[in-house]
*Asks:* 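This is the structure, below, for whatever I ask next.
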Amino acid sequence: PRRSKIMKIIRKYFWYVPTIIWMISIFSMSGQTSHTSNGFSYRVTAKIVQVIEIVRDGDEADAEHLTNKLHPYVRKAAHMNEYAILYTLLLLSFCASTIVTRAMFYSILVSFVYACTDEFHQTFVSLRSGDVIDVCIDMTGVMAAVTLSLFVYSAWQLHRAKRNRE
């Protein structure tokens with residue numbers, strides 16, 4: 001009995017650990033100077049373009065131009081993915097202690113508040129600024145994850161209903 005009680009507690013709070021670690025990593029990335037942040041995302045963009053250039057057999061001048069064109073989109077896509085992951089981890093955390101629809105609402109709310117505080121945090125970092133547009137971009141990632149989680153939840157409900165009828 002005592003062991004099952006401990007396992008119940010572990011199961012209930014397990015997802016909070018990766019969620020908090022992810023939130024710390026977002027905070028840490030937001031604390032980077034614009035030079036460091038841009039440099040990292042530019043290198044990631046260059047790697048993506050390198051793969052594209054191998055496939056389409058382009059030249060180096062074309063690759064540099066393409067890297068410069070794609071860089072802002074890669075940065076924004078990274079923001080969306082950061083917050084899609086945050087929403088998903090929050091959802092898994094909250095699902096252990098409440099019903100799914102309430103967990104979805106709490107996950108959206110916490111993601112939004114965290115995106116706002118993240119932008120506020122950036123106002124204290126050298127050569128960075130907080131921007132409402134970035135909160136909207138972050139929330140676009142959250143809403144994509146919400147959509148996916150709704151599809152998964154609906155499919156699971158349909159599967160469960162079908163299994164119960166049999």
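The basis for the numbers below is simple: all heavy atoms, side chains too, and nothing from hydrogens, waters or symmetry mates. Computed from a prediction, not measured in an experiment: that's the story for all the values here.
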*Asks:* Tell me every residue that passes ring-ring contact (aromatic ring centres under 6.0 Å, His included) with F112, counting only those two or more places apart in sequence or in another chain.
*Replies:*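 F112: no ring-ring contact (aromatic ring centres under 6.0 Å, His included) contacts found.
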*Asks:* Distance from M29 atom CE to I26 atom CD1, nearest 0.5 Å?
*Replies:*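 Answer rounded to 0.5 Å: 6.0 Å.
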*Asks:* Does I85 share a hydrophobic cluster with I21, counting links as ILVMFWY side-chain heavy atoms below 4.5 Å and allowing steps through other members?
*Replies:*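 Per the 4.5 Å side-chain linkage, I85 and I21 are not co-clustered.
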*Asks:* Residues sharing I20's hydrophobic cluster, by side-chain heavy-atom contacts under 4.5 Å among ILVMFWY, directly or via others?
*Replies:*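 Once heavy-atom contacts under 4.5 Å are chained together, I20 belongs with I24.
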*Asks:* Scan the side chains in residues 10-19 for donor-acceptor partners under 3.5 Å anywhere in the protein, sequence neighbours excluded, and list what turns up.
*Replies:*
unit_1 : atom_1 : unit_2 : atom_2 : d
T19    : OG1    : W15    : O      : 2.7
T19    : OG1    : L89    : O      : 3.2
T19    : OG1    : S93    : OG     : 2.9

*Asks:* May I ask whether L90 and L150 are part of the same hydrophobic cluster, defined by side-chain heavy atoms of I, L, V, M, F, W, Y residues being less than 4.5 angstrom apart, directly or through others?
*Replies:*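 Same cluster.
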*Asks:* Tell me, which pairs form a ring pair (Phe, Tyr, Trp, His ring centres under 6.0 Å) where one or both residues lie in residues 64-83, sequence neighbours left out?
*Replies:*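 Counting only pairs at least two positions apart or across chains, the ring pair (Phe, Tyr, Trp, His ring centres under 6.0 Å) contacts touching residues 64-83 are Y42-H71.
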*Asks:* Apply the hydrophobic cluster definition, ILVMFWY joined by side-chain contacts under 4.5 Å directly or through others, and give me every member besides I137.
*Replies:*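 Joined to I137, directly or through intermediates: M80, I133.
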*Asks:* Hey, quick one: are V135 and M143 part of the same hydrophobic cluster, counting side-chain heavy atoms closer than 4.5 Å, chains of contacts allowed?
*Replies:*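 Yes, same cluster.
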*Asks:* Are side-chain N/O atoms of S37 and R75 paired as donor and acceptor at under 3.5 Å?
*Replies:*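 Short answer, yes.
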*Asks:* Which distance, rounded to the nearest 0.5 Å, do you find between the CE of M104 and the OH of Y87?
*Replies:*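 Going from the CE atom of M104 to the OH atom of Y87 covers 4.5 Å.
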*Asks:* Report the hydrophobic cluster partners of V55, with the cluster defined as I, L, V, M, F, W, Y residues connected by side-chain heavy atoms closer than 4.5 angstrom, directly or transitively.
*Replies:*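 Besides V55, the cluster holds no residue at all.
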*Asks:* Which ILVMFWY residues can you reach from L127 by hopping between side chains whose heavy atoms are under 4.5 Å apart?
*Replies:*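 Members alongside L127: none; it stands by itself.
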*Asks:* Does anything in residues 136-164 form a salt bridge (Lys or Arg N to Asp or Glu O under 4.0 Å)? List the pairs, not counting sequence neighbours.
*Replies:*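 For residues 136-164: none.
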*Asks:* Among the clusters formed by ILVMFWY side chains lying less than 4.5 Å apart, do V125 and F27 turn up in the same one?
*Replies:*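 No, V125 does not connect to F27 through the hydrophobic network.
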*Asks:* If I take atom OG1 from residue T67 and atom CG from residue D62, how far apart are they, to the nearest 0.5 angstrom?
*Replies:*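 The OG1 atom of T67 sits 9.0 Å away from the CG atom of D62.
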*Asks:* Does L86 reach the side chain of M23, with side-chain heavy atoms less than 4.5 Å apart?
*Replies:*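 Yes, at least one pair of side-chain atoms sits under 4.5 Å.
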*Asks:* Applying salt bridge (charged side-chain N to carboxylate O under 4.0 Å, His left out), name anything that partners D134, two or more places apart in sequence or on another chain.
*Replies:*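 So D134 forms a salt bridge (charged side-chain N to carboxylate O under 4.0 Å, His left out) with K76.
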*Asks:* Excluding sequence neighbours, so at least two apart, what forms ring-ring contact (aromatic ring centres under 6.0 Å, His included) with F151?
*Replies:*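 Here no residue qualifies.
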*Asks:* Which pairs with one or both residues in residues 99-126 pass salt bridge (Lys or Arg N to Asp or Glu O under 4.0 Å), sequence neighbours excluded?
*Replies:*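 Output for this query is empty, none listed.
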*Asks:* With F105, which residues qualify under ring-ring contact (aromatic ring centres under 6.0 Å, His included), at least two apart?
*Replies:*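 Checked F105 against ring-ring contact (aromatic ring centres under 6.0 Å, His included); zero matches.
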